[in-house]
Amino acid sequence: MTDAADTEPRDAEKSLFEAPPMAEQERMVEAILFASADPVSVAEMAARMPHGCDPAEALVYLRRRYEGRGVRVVKVGDAWAIRTAPDLGFLMQKEIVETRKLSRAAIETLAIVAYHQPVTRAEIEEIRGVAVSRGTIDQLLELDWIRFGRRRMTPGRPVTFVVTQDFLDHFGLESARDLPGLKELRAAGLLDSRPLPGSGTPDDDSEDQSGQSELFED
Amino acid sequence: MTDAADTEPRDAEKSLFEAPPMAEQERMVEAILFASADPVSVAEMAARMPHGCDPAEALVYLRRRYEGRGVRVVKVGDAWAIRTAPDLGFLMQKEIVETRKLSRAAIETLAIVAYHQPVTRAEIEEIRGVAVSRGTIDQLLELDWIRFGRRRMTPGRPVTFVVTQDFLDHFGLESARDLPGLKELRAAGLLDSRPLPGSGTPDDDSEDQSGQSELFED
Amino acid sequence: MADPSLFVEDAQSVSDRLQAEALIVDVDGFEGPLDLLLTLSRTQKVDLRRISVLQLAEQYLVFVDRAKKLRIELAADYLVMAAWLAFLKSRLLLPPDPTEDGPSGEELAAHLAFQLERLQAMRESAARLMARDQKGRDFFVRGIPEDVRRSRKIQYSATLLDLMQAYARIRTRDEFRPYAFDRHHVFTMEQALERMRGLIGYAGDWTDLQSYLPDGWGADPARRRSATASTFAASLELAKQGQIEIRQSETFAPIAIRRKTP
């Protein structure tokens, strides 16, 4: 800063606003990702890095650099994180945090939210064929694996549920589009919302059918 | 100890439990150091890694690999850890700069201190015509724009306030005596809002005038 | 609990019989009628898409019937499903009645098959999801995360002008407040003249006449008018006396005055 000020004013300005070389930006992204236990968004990296940096580009290099290593650079939603390679999990017995065992109802509900999102409670109940207990939803909300989505524009304006970035992070997914078997389920029509013939209003359902199908369009 | 005694079974064991290649051991050390909540000793690494591994050697390679990177492999006591490169420490700071306008009470109090220093709190209150809250004084002290002066040699020995060097720096003044118009105001016995004659440069005057007219509006 | 001999006549095979028995013993373990139907459908050992819903409905009705015989209390939703399946069964067996509205038996059956297939698919998906590598079990996060210090830096903006204005505000308030309260909304020319005389000594450069208005007379329109008029008249008088110069660049532009230099 000070030595830049000593040179010609134009040069000083240039050096002040010129982004560091890409190799240096890669180091910065590396340091930021290593330091954080949670995924960091590109926007946040950019905010912390010097003016003019392009963390998205630096990430491309960094990701390549860590291919095949003991840790990996992974994408989680629109954020990035470093995680140990899954094949080395056996080394980390000490680090395993015992998590609360999820009930079958909770696991199924989670899967339904993930594959059908955004989904209302009534839809979850229709798919499972039983009432969803308050505790099940609460548990998933508490784990920060699901959250409230936008209200459905149908009578009663019911709330919907969607999965979170924490969910993606936990299951090592880049996005909800990468859910296992999603394409096949969709092709088989099993993610459609079909009302019982002769009941329900078809108009509501056309909206219901958005959801995971939306994910494929953008 | 026992296996050192009989060499025969050792060879048999060796073929059965051959240590993974060094590159693989390096990956393992990398993952262990990354995921561990505390620095890890070589002995502990060896205990967690497959039989026959040489974490000390793997560390040498890993350390070299991280030379000049955004993070470094460092020795902490007799254990090892991954740490951010010291020159990138600034990235671990997220600064949120908020610009706020100083409250009217604060700026008035500051002005009184500047013009009347050393001044007691009671005197500030007398001049302003209202009580000065503790928070206002604290804020100015915290900003390092005012500080405690000598106690007044009057009953109660009240503390006085004076402006600081920081104050002078911030407002571009050599000394509080340079406050525009102070002398002139005194000499004229007219401490009001007229453009202050002869104070500063003519440029200042024109600036004052724009400000002055504002004064009458509020 | 269940006496197998009770079922001998109904059971189609030993394995079916054993399964039916197990079902009744485990009735509390089912997550509702749909779950039970899905379990029953497995006895057909076909793809869920090709399942015989009629056969399934019969199995379910038999199950409910047996439960009744064993005096097992079934929850209301099991009985509701039984009633619906009985209706479905009749629809499927009887030739379609053209006078009757509503969905056909086939449509209803197809929907039930869809529901079962969807539930099965979700269960398989849930299992696949849980079989994925999981954070904290198969892969791990940074063990020694570094805190990002969130230093909130508050910058207070204050300029020298702010400071001077603040000080001027305090002092003028003291000096002119009495006028504001004692006088009516009239600022006389004498007052203005007196005030101007005290001030023009300092007006070395062009200064907006508006800035000579006394404090406290600017806000109320009536007072401002009076003060403006008297100050303007006073400035004319002072100009006449050769003490100041007046300037106005165009019509309605601000009027500026300055001390006339001898």
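Order of the sequence lines fixes the chain letters, A, B, ..., with proteins taken first and strands second; residue numbering starts at 1 for each chain.
- Note that CZ of A/F167 is 4.5 Å distant from CG of C/L129, once rounded to the nearest 0.5 Å.
- In this structure, no portion of A/E184 lies under 4.5 Å from any heavy atom of chain C.
- C/R132 touches chain A through its side chain: at least one heavy atom from C-beta onward sits under 4.5 Å away, while N, CA, C and O do not.
- A/V130 and C/E31 make their closest contact through CG1-O, 2.7 Å (heavy atoms, listed as atom of the first residue, atom of the second, distance).
- Heavy-atom minimum distance, C/P33 versus A/G129: CD-O, 4.4 Å.
- Remark: side-chain polar atoms of A/T84 are paired, donor with acceptor, to backbone N or O of C/F140 under 3.5 angstrom.
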- Task: Report the C-alpha separation of C/R142 and A/I82 in whole Å, then their side-chain angles, then the decisive distance to 0.1 Å, and conclude whether the side-chain contact (heavy atoms from CB on, under 4.5 Å) test is met.
- Result: CA-CA 7 Å; C/R142 180 71 162 127; A/I82 296 183; over 6 Å; no
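- With respect to the salt-bridge test (charged N to carboxylate O, under 4.0 angstrom), the residues A/R104 and C/D35 qualify.
- The distance from atom CG of A/D169 to atom CD of C/Q134, rounded to the nearest 0.5 Å, is 11.5 Å.
- The heavy-atom pair separating C/L119 from A/R128 by the smallest distance is CD1-CA, 3.9 Å.
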- Under the side-chain contact (heavy atoms from CB on, under 4.5 Å) criterion, do C/R137 and A/M92 qualify, and how do the steps go? CA-CA 8 Å; C/R137 190 188 76 182; A/M92 251 60 74; over 6 Å; no
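- We find the CZ-CE distance between A/F171 and C/M130 to be 4.5 Å, quoted to the nearest 0.5 Å.
- Scanning all heavy atoms of the two residues, the minimum distance from A/L185 to C/A121 falls at CD2-CB, 3.6 Å.
- If you tally non-hydrogen atom pairs under 4.5 Å between each of A/A188, A/S36, A/A81 and chain C, the highest count goes to A/A188.
- C/D133 CG to A/H170 NE2: the interatomic distance, rounded to the nearest 0.5 Å, is 10.5 Å.
- Interface residue A/A85: only backbone heavy atoms are found under 4.5 Å from chain C.
- The distance from atom CG of A/L182 to atom CZ of C/R128, rounded to the nearest 0.5 Å, is 10.0 Å.
- At a 4.5 Å heavy-atom cutoff, the contact between A/F34 and chain C is made by backbone and side-chain atoms alike.
- Across C/L112, C/I144, C/V141, C/L37, the residue that shares the most heavy-atom pairs under 4.5 angstrom with chain A is C/V141.
- Side-chain contact between A/R83 and C/K135: present, with at least one pair of heavy atoms (C-beta onward) separated by less than 4.5 Å.
- Here the CE atom belonging to C/M122 is positioned 11.0 Å from the CG atom belonging to A/L110, to the nearest 0.5 angstrom.
- For OH of A/Y61, the number of neighbouring non-hydrogen atoms (other residues, nucleotides, ligands) closer than 6.0 Å is 12 at most.
- The residue among C/G32, C/A131, C/A126 with the most heavy atom pairs within less than 4.5 Å of chain A is C/A126.
- Interface remark: A/R72 contributes no atoms to any contact with chain C (heavy atom separation under 4.5 Å).
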